[in-house]
Amino acid sequence: MRPIYFLLLALLLGNIASANEPAKQGTVNGTILDEQNKPVDFVTVGLFKSTDSSLVKTALTTADGKFEFANINTGSYYIKANNMGYENYKGKAFVLNEQNLTLALGEIKLKPTSKTLNTVSVTAIKPLIERKTDKVVMNVENSSIAIGSTALEVLQKAPGVTVDQNDNIAMQGKQGVMIMIDGKQTYMSNADVANLLRNMQSSQLETIELITNPSSKYPAAGNAGIINIKTKKSKSAGTNGSVNASAGYGKNFRGSAGINLNHRTAKVNIFGNYNYNNIERDNFIAIDRISNGTPNTYFSQAGDMNRKMNNNNYKAGLDFFIDKKNTIGVLVNGYSNSGTEHSLTNTKIGPSFSVIDSSLVANNLQTNKYNNMAYNINYKSVLDTAGSEISVDLDYSKYKGNDGTAFENAFLLANGIIKKPTEYTRNGTPSEINIKAFKVDYNVSLSKTLKLEAGLKSSWVKTDNNLRAEQLLATVWQNDARRSNQFVYDENVNAAYTNLNKQFKNTSIQLGLRVEQTSSKGNLITTKNVVERNYWDFFPTFFVQQTLSKNNQVGFSYSRRIDRPGYDALNPFLYYLDQYTYSKGNPFLNPQYTNSFEVSYTLLQKYNLSVNYSRTNDAITEVILPDAAQKALYQTNANLAKNTSYGANLNIPVKIGKWWDINNNLNVFHLSFESPNLAGQALNTGKTAYQFRMQNTFLIAKGLTAELSGSYESPLDYGTLSLRSRYSVDAGISKSLFNKKASLKLALSDVFNTNDSELTSAYPGLKYDLYQKNETQIGRISFSYRFGKNEIKPARRRSTGTESEQGRMKN
């Protein structure tokens, strides 16, 4: 890795040394008047870029109504102004250029708001779904549908995102999504990410960003793209905070409560939060399958699962402002979870589904405890007025889990008489994961139109999983050597990236390259089976944005990405539902590589169409396969030769009136999978599918809003699985109280209780039908209250840099 560090350092020094003259800057000024042409003081005025509506600077008007923005780079801008008692003002776009570096906007008149008591005052609200140049943003903070939900449940409502009954997350039909929290990668397995998101409440969330084709700045993981979940941060000086509580009921009760505190002075910002939730949910699963033989054997399995979870999530941090340009901070966050899962499954066995000669009754009880602590030290320095900055993160995270499962298998004849003695077994699976990471990011404006980003990152991960299996023989628990094992996995990834962004008059071009070097070692200690890998990878990215006219923009992007197997997917342990149904890991999984292309078109700055194509080699895919020797069915992960995807995404917002907004999102895609030899069979599957989501937002009265959303997913083939269609409807209503300091929200998810999963086999020769239904129809009520000073200056958004590695852990 050392040559890369020196190469990047040389590149940085070379670019800085050859930088052009400092960008020319100018001044924008104006005067704010009221309806009687008198100056208005203390009006908040914001300067925004026309290209992406990002905020550049803010100012307050003086006693004579004047405002000024100094040291502004040349470009296209517009301003917004707002003040209590007046309607919000948004000006037309203007250009600051070298020929006119002092631009006077003249007099701007504000209109007073209506004071008629009988008139309903219409207030602008942020749309639930926003389409931006490089991403789709879901504004969770004000959503009534999201209240009382976990972050995982909220994620299911995002356009183009699906979460199946087993908590696998997919975007635009593809799994392999990388989850980030506050712009930081999570270093956990898929199951651990699901548990982390189940532990986060919607009250903690601000927005969810969907990035289908990320730049080289982001980690190269995630062939389907990146989902960045931004949590709330205080926007207030002094001491302030909020409290929230919610309760819900479907078949079972669930509740949550949390508190958020922040204290900010000129030199220090101290912040922290704590959230607790208690969740109980039911899950029903039914599998009918045929095991080929002479003669065939028919299995009809039905089972109920009840899961109880107690989750504690906490965060505390401190930012110290050394001066206006330098900040150092520390952050500690973690969670402590415990729960139980009880399943009772009855499998009927016979020569046909209608003729039963025996049955297996499996009664299993699992207990689990998970603890995670993450520590972060960070530093940020603003280098100049053009926005150049450097940031450094040092991280350490330690995860400990302990699952224990007791199995009871009773074998009965068709008439209920005991066929053979009941089998009793149990597992203990303690696990530990340690993660260390170092990261530095640097960006500099080389000229007024040329920007450089560069960075380095190294991470070290060690996982230790120990499966202790025992069976009860003659009233004594004895070690089961067939299943007991220990698996230790070590991984080191070193990365360097650079992005160069050039802005022309109507065109923006960005070139990027990320280099990653990976060393890994998987050691199945009991059997002395070691798998070692060392490899280098190069991940180029290319982006072009072209403005054809004010109302027409087109874009093109390309990226190459990698997905390394999750830690749980590599772990070869066997986990049984009963002796005929189990799952196991695959320590021989290879990483998968994806090349993605996307073309986008934006009309009137709000209607968006994107067309995409991607091809993944060695596609890591969840498969369900037969175990002929045991007449069993098992789930595992396998590398399929290739996965090809192409499709289109259309986003159409519609405003019916001042009180009704609709966002429509249609995703049409074709997925195909090929593998010449998957457990002795050639696999070639594929189907065109679509997903449609409609979000309705209603402004009923001042402070009273409602939402109604619906989604439909057509049948889909995914690897060895052939999924049937599913649909659901959610509704919610929200009322602000106490001068907008509090809110009361009501919501009902899955109104018609239709959100379930049905699938059949796409694997040649394997016949089964699977039906799964989680507890999804839930009514919720939530109350939140904000206290203290409000809306002065935002705190820094910080999170740990080890979260990307945590995204591959198992919870």
Side-chain angles (χ1 to χ4, degrees), residues 165-166 251 282-307 340-366 405-427 469-478 480 482-483 574-584 624-636 679 720-722 724 756-761 763-775:
Q165 301 286 318
N166 297 314
K251 292 182 178 179
D282 288 338
N283 178 29
F284 173 77
I285 186 170
I287 306 174
D288 288 336
R289 66 181 179 90
I290 303 173
S291 178
N292 296 329
T294 308
N296 292 340
T297 305
Y298 291 73
F299 296 83
S300 184
Q301 177 181 348
D304 288 295
M305 226 174 266
N306 176 268
R307 185 172 188 179
T340 61
E341 185 173 298
H342 178 243
S343 62
L344 182 62
T345 306
N346 187 3
T347 303
K348 298 177 181 179
I349 308 167
S352 70
F353 287 128
S354 58
V355 178
I356 307 300
D357 56 28
S358 63
S359 64
L360 168 64
V361 179
N363 189 5
N364 304 332
L365 177 63
Q366 182 184 77
T405 308
F407 302 90
E408 178 185 315
N409 291 318
F411 303 89
L412 308 175
L413 296 174
N415 57 9
I417 297 175
I418 296 175
K419 182 179 179 181
K420 63 178 183 177
T422 300
E423 289 184 357
Y424 296 92
T425 59
R426 66 186 184 187
N427 290 344
E470 296 179 320
Q471 53 186 338
L472 187 64
L473 300 175
T475 70
V476 178
W477 286 103
Q478 298 183 22
D480 186 352
R482 299 169 302 169
R483 295 189 295 122
L574 275 68
Y575 296 92
Y576 284 89
L577 181 61
D578 57 43
Q579 74 174 56
Y580 297 112
T581 315
Y582 65 91
S583 66
K584 68 176 182 177
I624 295 180
L625 300 171
D627 180 345
Q630 301 295 326
K631 294 187 177 181
L633 201 64
Y634 71 95
Q635 177 272 332
T636 189
T720 63
L721 310 178
S722 183
R724 295 170 183 163
D756 54 23
S757 290
E758 294 184 71
L759 59 91
T760 59
S761 174
Y763 180 78
L766 180 59
K767 299 177 181 178
Y768 67 80
D769 289 284
L770 186 151
Y771 173 81
Q772 194 170 7
K773 181 72 176 76
N774 283 339
E775 185 178 336

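Side chains are part of it too, since the values below use all heavy atoms of this structure and drop only hydrogens, waters and symmetry mates.
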Using atom types as modelled, flag every donor-acceptor pair under 3.5 Å from a side chain in residues 345-353 to any protein atom, sequence neighbours excluded.
{"residue": "Thr347", "atom": "OG1", "partner": "Asp578", "partner atom": "OD2", "Å": "3.4"}
{"residue": "Ser352", "atom": "OG", "partner": "Ser354", "partner atom": "N", "Å": "3.4"}
{"residue": "Ser352", "atom": "OG", "partner": "Ser354", "partner atom": "OG", "Å": "3.2"}
{"residue": "Ser352", "atom": "OG", "partner": "Val355", "partner atom": "N", "Å": "3.1"}

One should read off an interatomic distance between Leu721 CG and Ser761 OG, to the nearest 0.5 angstrom, of 8.0 Å
One should read off an interatomic distance between Tyr771 OH and Phe284 CZ, to the nearest 0.5 angstrom, of 7.5 Å
Sequence neighbours excluded, the answer for salt bridge (Lys or Arg N to Asp or Glu O under 4.0 Å) partners of Glu408 is none
Quiz item: Heavy atoms, side chains only, cut-off 4.5 Å: are Val361 and Asn409 in contact?
Solution: no
**Report entry** Heavy-atom check, side chain of Tyr768 versus side chain of Leu759, under 4.5 Å
**Finding:** yes
By ring-ring contact (aromatic ring centres under 6.0 Å, His included), Phe407 pairs with (sequence neighbours left out) none
**Report entry** Main-chain N/O of Asn427 paired with Thr405 side-chain donor or acceptor, under 3.5 Å
**Finding:** no
CZ of Phe299 to CD1 of Ile356, rounded to nearest 0.5 Å, is 10.5 Å
The salt bridge (Lys or Arg N to Asp or Glu O under 4.0 Å) partners of Asp480 (sequence neighbours excluded) come to Arg482, Arg483
Contacts satisfying salt bridge (charged side-chain N to carboxylate O under 4.0 Å, His left out) that involve residues 415-427 (not counting sequence neighbours) are Arg426-Glu470
Counting N and O atoms only, with roles assigned by atom type, does the side chain of Asp282 sit under 3.5 Å from a partner on the main chain of Lys251, one being a donor and the other an acceptor? no
Check for a donor-acceptor pair, side chain of Ser722 on one end and backbone N or O of Thr760 on the other, with a separation under 3.5 Å. no
Residues Phe411 and Pro421: closest non-hydrogen pair is CD1-O, 3.9 Å
Value for CZ (Arg724) from CG (Leu770), rounded to nearest 0.5 Å, stands at 9.5 Å
CG of Asp769 to OG of Ser300, rounded to nearest 0.5 Å, is 10.5 Å
Minimal heavy-atom distance between Asn283 and Lys773, with the atoms involved, is OD1-O, 3.1 Å
Interatomic distance, CD1@Ile418 vs CG@Leu412, rounded to 0.5 Å, equals 7.0 Å
Distance-only donor-acceptor hits, side chain of residues 625-635, under 3.5 Å, sequence neighbours excluded:
{"residue": "Asp627", "atom": "OD1", "partner": "Ala629", "partner atom": "N", "Å": "3.3"}
{"residue": "Asp627", "atom": "OD1", "partner": "Gln630", "partner atom": "N", "Å": "3.3"}
{"residue": "Asp627", "atom": "OD2", "partner": "Tyr582", "partner atom": "OH", "Å": "2.7"}
{"residue": "Lys631", "atom": "NZ", "partner": "Thr297", "partner atom": "OG1", "Å": "3.1"}

Report task. Give a yes or no answer on whether the side chain of Tyr763 reaches the backbone of Ala679 with a donor-acceptor pair at less than 3.5 Å. Result -> yes
Is there a side-chain contact between Arg307 and Asn774, using heavy atoms and a 4.5 Å cut-off? no
### Query
Quick one: do the His342 and Asn363 side chains pair a donor with an acceptor below 3.5 Å?
yes
